[in-house]
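Right, one structure below, let's go through it.
Residue numbers start from 1 in every chain, and the chains themselves are labelled A, B, ... in the order their sequence lines are given, proteins ahead of strands.
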Amino acid sequence: NAGVTQTPKFQVLKTGQSMTLQCAQDMNHEYMSWYRQDPGMGLRLIHYSVGAGITDQGEVPNGYNVSRSTTEDFPLRLLSAAPSQTSVYFCASSYRVTDFSYEQYFGPGTRLTVT
Amino acid sequence: TQLLEQSPQFLSIQEGENLTVYCNSSSVFSSLQWYRQEPGEGPVLLVTVVTGGEVKKLKRLTFQFGDARKDSSLHITAAQPGDTGLYLCAGVPLWNYGGSQGNLIFGKGTKLSVKP
């Protein structure tokens with residue numbers, strides 16, 4: 001199993017450009033999420049999905065779109081890049097272990113710089 | 001206000017020393033998790049604690065969930081340079097029990113450096 005894969009690993013965009021960060025998992029997990037990680041801010045949830053066709057907003061959704069057409073894929077779209085979106089982006093997939101807990105697996109991250 | 005407070009933020013120690021890092025909240029959590037993140041990589045799940053007072057051991061790492069399920073600690077015995085990394089706690093607040101996993105909340109992390 002490859003686990004959670006993300007592409008690209010690095011990306012530089014100019015302000016106003018759009019792009020899609022790709023995320024795929026081969027573990028048949030129901031849940032997938034996108035986080036951004038900034039120095040001093042920790043991991044913040046952007047969007048998440050509880051299954052194919054179902055998505056919802058997290059803590060910091062503005063400027064990002066997602067869709068989930070298959071269980072495996074969960075792309076994150078930046079509509080019009082801004083310098084404030086410079087960050088490291090992590091995709092994660094997870095499954096419910098018990099009513100009380102999930103096991104979450106993270107991808108290797110995409111380092112995005114917006115100039 | 002950060003729902004999960006981690007302390008200390010930074011910790012630099014010598015190989016062989018013991019250390020404890022903390023994860024505290026004023027809210028009750030249905031479970032808490034600890035992750036380790038190495039530079040340039042995604043976080044990796046170390047452990048999940050579910051029951052108040054629970055203690056779990058993973059080699060030289062000991063994890064404890066507070067009796068009231070509002071806090072957790074991670075103790076490392078005889079730290080090694082390979083333990084270097086960012087340690088993150090995360091959990092689902094009890095008021096969101098049964099809700100979507102989208103409500104997994106992360107602390108800001110403790111950055112540990114173990115020098116040889």
*Find out whether B/Leu45 and B/Gln33 are in side-chain contact, i.e. whether some heavy atom of one side chain is under 4.5 Å from a heavy atom of the other.*
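In short, these two side chains touch, coming nearer than 4.5 Å.
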
*side-chain contact (heavy atoms from CB on, under 4.5 Å) between B/Leu32 and B/Trp34: does it pass, once the steps are laid out?*
CA-CA 7 Å; B/Leu32 275 177; B/Trp34 286 91; 5.6 Å; no

*Could you tell me which portion of B/Gln9 (side chain, backbone, both or neither) has an atom closer than 4.5 angstrom to a non-hydrogen atom of chain A?*
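Answer is neither: B/Gln9 stays 4.5 Å or more from chain A.
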
*What part of A/Glu30 gets closer than 4.5 Å to chain B, counting heavy atoms only: side chain, backbone, both or neither?*
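Neither the backbone nor the side chain of A/Glu30 comes within 4.5 Å of chain B.
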
*For the candidates A/Glu59, A/Gln37, A/Arg44, which exhibits the highest count of non-hydrogen atom pairs separated by less than 4.5 Å from chain B?*
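Of A/Glu59, A/Gln37, A/Arg44, A/Gln37 has the most heavy-atom pairs under 4.5 Å with chain B.
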
*Is the A/Phe106 to A/Tyr35 ring centre distance short of 6.0 Å?*
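Between A/Tyr35 and A/Phe106, which both carry aromatic rings, the centre distance is below 6.0 Å.
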
_Ring centers of B/Phe65, B/Phe29 separated by less than 6.0 Å_ =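 No, too far apart.
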
